[in-house]
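Data first, discussion second: the structure below is written as structure tokens.
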Amino acid sequence: MASTPLQPVRGTRDLIGEDFRRYHHVVTAARRITGLYGFEEWATPIFEDTRVFARSLGETSDVVSKEMYSFTDRGGDSITLRPENTAGVCRALVSNGLTQSNLPRKVFYAGPMFRYERPQKGRYRQFHQIGAEILGAAEPLADAEVIAAGWNILEALGISDGVVLEINTLGDAESRDAYRTALVAHFTAHKDSLSEDSRIRLEKNPMRILDSKDEGDRRIVATAPTIQPYLTPAASAFFAAVLKHLETLGVPTRENPRIVRGLDYYSHTAFEFVTDRLGAQGTVMAGGRYDGLVEEMGGPATPSVGWAAGVERLSMLLAASPAAPRPVAVIPVSEAQEPAAIQLTQQLRAAGVTAEIAYKGNLKRRMERANKIGARAALILGEDEVAQGVVQLRDLDAGTQDRIPPAEAVARLIG
RNA sequence: GCGGUCGUAGCUCAGCUGGUAGAGCGCCAGGUUGUGGUCUUGGAUGUCGCGGGUUCGAGCCCCGUCGAUCGCCCCA
């Protein structure tokens, strides 16, 4: 029976060629920039005890049951492929006994995440995130710095001018409770005009109505109260300090009182870097302050702030594909010159020059191969050359060719 | 989980109102002796996503399924 061809599992894809180069370029830039801010890179497991994520999500509705890749392992434990990495980093902080000293700790990570969702533009079931967290810092400068690091990454990638930082505060617990009450009162008063989805949100997660896409909802949202009047003086001062630091750091910001977070451990700063170039999936980097999460993982109160960004989305925004490296092709004219060619190839590599030697074919074949791999130059070794201790250095762009000693060829190719 | 669109050679696609498939690019082999990228000659390639149905006959019609894509829900 003809079985269906093997293909990648829905929502997964291979990163090959240009796709991988884009991915690598984004991660490398993020690693470099966060390094400049003193972040250290962590690699935590890509699967965790399901409780790690269940706790971070609290009782949040169907997210836990419907959108996580969970399974029972052979020991009977419930395991979940990480849907994000903040919870894992907080768990690691606690598990490794790092909550008592050397705080704040600044952590960078990059790696695959898994969510059981319907794929759409820039959104896959296995996707990749980079993220930065500052653990154990209650000061607004931490918020500002972690955001600035994110901004610098976007700048380094050359995509910052299509992106704007939208920022809001959720205040402290007291501010939030008061605001939530006011919000519920407002939406309840307009309940009949709300969309069906938003009526459900009103019961489950009223703050989410603020970013409803329904046009009717938006009119009601427009007249909804903002959090500002409900902020305690301390919360208000905190937000003002974050904004001031961001200004000093040179990060252009736009306050957006509609940015919210659904989960209880979030407080104070909430932000999103947003672009209009990716259709419905416009958020390119998002984060906030989460003062309660480390406690959920069984550690002491550890105020923290951070963000995560989808590598696929950042990759799509790159204007140009990072160039593939251009090797030097070493070409023996016949098998007799292979030993000499192999040695020359190794000399090039030892000198830091990317070099390849074709495994088969006559001179014509190997030249074609050199062209196909995008070689910038070919080093041709024939009977005469080997006998006379020289090599033909052919510039494959210019089409020029010089007969010179191997050492000189290597020296030229380094430059 | 829900809805729109789509699924033909490696890639991009054409295929009229149903009569058992085509182009361009790419690939392979030539255009004599140790030289690629241009040019030129010739060649190979598809169970038309998969399964079922209607029909004398289906790539074209119907149903299902898988996948892609755009959006909704969700967004930790």
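Nothing here was measured: the structure is a model prediction, and the numbers come from that model. Letters A, B, ... are given to chains in the order of the sequence lines, protein chains preceding strands, and every chain is numbered from 1.
- Spacing between atom CZ of Arg123(A) and atom P of rC75(B) amounts to 10 Å, rounded to whole angstrom units.
- The residue Arg118(A) sits close to a base: some heavy atom pair falls under 4.0 Å.
- Within the 4.0 angstrom heavy-atom criterion, no nucleotide atom of any strand lies near Arg82(A).
- One C1' atom belongs to rG4(B), the other to rC13(B), and the distance between them is 22 Å to the nearest Å.
- Backbone-only engagement by Tyr266(A) is indicated by non-hydrogen atom pairs under 4.0 Å involving sugar-phosphate atoms exclusively.
- Atom CE of Met68(A) is separated from atom C1' of rC74(B) by 14 Å (rounded to the nearest Å).
- If you check every strand for non-hydrogen atoms under 4.0 Å, Arg394(A) touches a base.
- Using atom C1' as the reference point in both rC27(B) and rG67(B), the two lie 27 Å apart (nearest Å).
- The side chain of Lys364(A) contributes an N or O atom lying less than 4.0 Å from OP1 or OP2 of rG36(B).
- Under the 3.5 Å distance criterion, with hydrogens and angles disregarded, no donor-acceptor pair is assigned to the side chains of Thr28(A) and Arg31(A).
- Applying the 4.0 Å criterion to OP1 and OP2 of rC75(B), one finds that Arg261(A) has every side-chain N and O outside that range.
- Gly11(A) comes within 4.0 angstrom of the backbone, heavy atoms only, and of no base.
- Within the 4.0 angstrom heavy-atom criterion, base atoms lie near Asp397(A).
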Between N or O atoms, less than 3.5 Å apart, protein on one side and nucleotides 38-40 of chain B on the other: list the pairs.
none

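- Within 4.0 Å (heavy atoms only), Glu385(A) reaches at least one base atom of the nucleic acid.
- Base pairing in RNA chain B gives the following stems of 3 or more Watson-Crick or G-U pairs, range against range and under 3.5 Å: B:1-7 with B:66-72, B:10-13 with B:22-25, B:27-31 with B:39-43, B:49-53 with B:61-65.
- Contact annotation: side chain of Glu368(A) to base of rU35(B), donor-acceptor pair absent below 3.5 Å.
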